[in-house]
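To start, the structure itself, in structure tokens.
Please read these numbers as outputs of a predicted model, since none were measured by experiment. Residue numbers count from 1 along this sequence.
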Amino acid sequence: MSGENPVVSMIGSGSASAMLAARALLAGNGVDYRWIDSDTDPVGRLLAEHSRLALERPVALFADGSELPAPARFVDPHPAPTGREPADAPATKERRVGMAVPARTSPQNAEVYLTSAQWRSELARRVGLRTQPDRELYDVAIVGAGPAGLTAAVYAASEGLRTVVLERVAPGGQASTSSRIENYPGFPDGISGTELTSGAHQQALRFGAEILVGVEIIRAEPEPDGSFDLYLSGGGQLRARSSVIATGVVYRHLDAPGVEQLIGCGVSYGSAPAKAPGHRDQDVVLVGGANSAGQAALHLAEYARSVQMIVRADSLGAGMSHYLVDRITAHPNITVLTGTHVVAAGGQRSLENVTVVNRQQQQRELPADAMYVLIGGQPLTAGIEGWLRCDEGGYLMTGPDLHRDSHTKWWPLARDPLPLESSQPGVFVAGDVRHGSIKRVASAVGEGAMAIALLHTYLDQHTNGR
């Protein structure tokens, strides 16, 4: 994290949203940085008290003495009950192409989100990350650099397509946070998510793909020839003849008193493997019952004194692969509480306890130095609702699913949509953000490769006027 000569020092409350977002960006991209928490670090408190630096909002300090204050309010995309048009919105309404705020960010936060995205892009640029496209025109713009997006980039670039990838935080996506993926074909001893995705990242770069990080689309405008003008949060602009959306999902937020206030102070969404050694001889609570939760529990249990898994389902096997269930059941440091959910998180400056209740309404308080929440995801459908067809959960509809309701006007052409093609011709969808997708790394990789094969078909047909 911090070396003798860090590129940037982040100063501010360690639980502030902007600080957490900056840490994800910097650590995820291997940037050497210094972290000064004004809540717990004496130097940070001194700076805040005597110079008011970072007292009101976090600030990035660079080696040349320049500063980059965070926005007064920083908003990241997260699940919200509002801000998304219903799935049965009339197909005859004018389809919107405008500012690309995530569909799960409420409308009142749209401008705040835009400011936040631009700040993250500026931070990325100033620490030396690539935020600007080299070309004006690309054959394909891939949005998202998880397993699906990186695979699409490998296949597109290796087949001679001018390829650009736009990634909001860091290449790898949620898969990069898996300590060990044991059911991915070809790796009998398992492989970490970081190893798997970093290899795909390097492969895509070697074939000539451009990968921009800390960058989001803030506006998209279709052109008469079927291409799109994309305006980026880093100030850049490009045109793409086609696109692959592989934005994935964000973890669903845990709605219980105390949780929101303790994010960054013991409460985390997802599970970064690098954090596990810091929990040596501590008590950890992990909320969730899918494979990602199982992998995280096993990794944390190698260090923590205890790991207690909170699972809503009546059995661990309801949402988890059998091999993980067996290993978790046999691990002496892991306790599984099924039919149980979290109702509160408590602590003064940091997390101290978690209150859970079971189906018999029996309540108990668990000691907790940390809590990781992995309770399923909601799609990062970045600003396309009202433009691209989604299901009721916000996942993008593709291929034959576009014709399975009465709103056939979402598909504008006489030909049928190709598999994985969205309601906008030439825009394909791969990975977890797609309606009906299988939430596995291997399936995301397969869809990323398949999307490029179908994209070739689209480009050939479009060139020939079909």
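In this structure, His299 has its ring center at least 6.0 angstrom away from the ring center of Tyr372.
Nearest heavy-atom pair, Pro419 versus Met450, reported as atom, atom and distance to 0.1 Å: CB-CE, 3.8 Å. Taking each heavy atom of Leu232 and Pro133 in turn, the nearest pair found is CD1-CD, 4.2 Å. Nearest heavy-atom pair, Ala301 versus Ile334, reported as atom, atom and distance to 0.1 Å: CB-CG1, 3.6 Å. Across all their heavy atoms, Ala145 and Val165 have their closest contact at CB-CG1, 3.9 Å. Here the shortest heavy-atom pairing between His279 and Ala370 reads CE1-CB, 3.4 Å. Nearest heavy-atom pair across Ala60 and Met10 is CB-SD, 3.6 Å.
No donor-acceptor distance shorter than 3.5 angstrom exists from the side chain of Glu447 to the backbone of Ala148, with no hydrogens or angles considered. In this structure, Asp37 contributes its side chain and Gly14 its backbone to a donor-acceptor pair below 3.5 Å. The backbone N or O of Phe62 lies less than 3.5 Å from no partner atom in the side chain of Ser66, so there is not a single donor-acceptor pair. Looking only at distances, no side-chain donor or acceptor of Arg252 sits under 3.5 Å from a matching main-chain atom of Gln378. Between the side chain of Trp119 and the backbone N or O of Ala18 there is no donor-acceptor pair closer than 3.5 Å. In terms of modelled atom types and a separation under 3.5 Å, the side chain of Asn29 and the main chain of Leu25 share a donor-acceptor contact. Using modelled atom types, no side-chain atom of Ser178 and backbone atom of Ile181 make a donor-acceptor pair closer than 3.5 Å. Formation of a donor-acceptor pair under 3.5 Å by the Ser437 side chain with backbone atoms of Val433 is not found in this model. Checking side-chain atoms of Ser17 against main-chain N and O of Val75 turns up no donor-acceptor pair under 3.5 Å. Under a 3.5 Å cut-off, the side chain of Ser422 and the backbone N or O of Val427 do form a donor-acceptor pair.
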For Ser268 and Lys275, what are the C-alpha separation, side-chain angles and deciding distance, and is it a side chain to side chain contact (heavy atoms under 4.5 Å, CB included)?
CA-CA 10 Å; Ser268 302; Lys275 292 182 179 180; 3.4 Å; yes
Determine, stepwise, if the pair Val311 / Leu337 fulfils side chain to side chain contact (heavy atoms under 4.5 Å, CB included).
CA-CA 6 Å; Val311 183; Leu337 303 179; over 6 Å; no
Walk me through it: do Leu166 and Ile142 pass the test side chain to side chain contact (heavy atoms under 4.5 Å, CB included)?
CA-CA 6 Å; Leu166 312 175; Ile142 299 168; over 6 Å; no
Given Tyr184 and Val445, is the side chain to side chain contact (heavy atoms under 4.5 Å, CB included) satisfied, shown in steps?
CA-CA 10 Å; Tyr184 191 85; Val445 167; 3.6 Å; yes
Output, in order, the C-alpha distance, side-chain angles, deciding distance and verdict of side-chain hydrogen bond (donor to acceptor under 3.5 Å, both in side chains) for Gln295 and Ser292.
CA-CA 5 Å; Gln295 291 159 351; Ser292 57; 6.0 Å; no
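Using a 4.0 Å cut-off between charged nitrogen and carboxylate oxygen, Asp283 and Arg305 count as a salt-bridge pair. Ion pairing between Arg359 and Asp314 holds under the 4.0 Å rule for side-chain N and carboxylate O.
Residues meeting the side-chain hydrogen bond (donor to acceptor under 3.5 Å, both in side chains) test with His341, sequence neighbours left out: none.
In this structure, the side chains of Thr340 and Val357 stay at 4.5 Å or more apart for every pair of heavy atoms. In this structure the side chain of Val284 never reaches within 4.5 angstrom of the side chain of Tyr303, judged on heavy atoms. The closest side-chain heavy-atom distance from Gln174 to Tyr251 is below 4.5 Å. Put simply, the side chain of Val336 reaches to within 4.5 Å of the side chain of Thr338, judged on heavy atoms. In this structure, Val164 and Leu212 have side chains that are in contact, with non-hydrogen atoms separated by less than 4.5 Å. Val249 has its side chain out of reach of Leu380: every pair of non-hydrogen atoms, C-beta onward, lies at least 4.5 Å apart. Between Val356 and Arg364, some side-chain heavy-atom pair lies under the 4.5 Å cut-off. Using a 4.5 Å heavy-atom cutoff, the side chains of Arg120 and Val169 are in contact.
Taking SG of Cys390 as the start and CZ of Arg434 as the end, the distance is 13.5 Å to the nearest 0.5 Å. How far CD of Glu167 is from OG1 of Thr131: 13.5 Å, rounded to the nearest 0.5 Å. Summarising the geometry, atom OG1 belonging to Thr335 is positioned 9.5 Å from atom CG belonging to Leu366; distances are rounded to the nearest 0.5 Å. Here Ile217 contributes atom CD1 and Leu230 contributes atom CG; the two are 4.5 Å apart, rounded to the nearest 0.5 Å. The CD1 atom of Ile211 sits 8.0 Å away from atom CD of Gln202, with the distance rounded to the nearest 0.5 Å. Leu351 CG to Cys265 SG: the interatomic distance, rounded to the nearest 0.5 Å, is 9.5 Å.
Applying the 6.0 Å contact sphere to CG of Asp255 captures no more than 12 heavy atoms from other residues, nucleotides or ligands. Other residues, nucleotides and ligands contribute only 12 or fewer heavy atoms inside 6.0 Å of the CD atom of Gln348.
Neither side chain, Tyr113 nor Gln118, offers a donor N or O lying under 3.5 Å from an acceptor on the other. For the residue pair Ser13 and Arg57, no side-chain donor N or O sits within less than 3.5 Å of a side-chain acceptor on the partner. No donor-acceptor contact under 3.5 angstrom links the side chains of Glu216 and Ser233, judged on distance only. In summary, the side chains of Glu302 and His331 do present a donor paired with an acceptor at a separation below 3.5 Å, with no hydrogens or angles considered.
Geometric assessment of Arg219 against the ring of Tyr231 yields a positive cation-pi assignment under the 6.0 Å and 45° thresholds.
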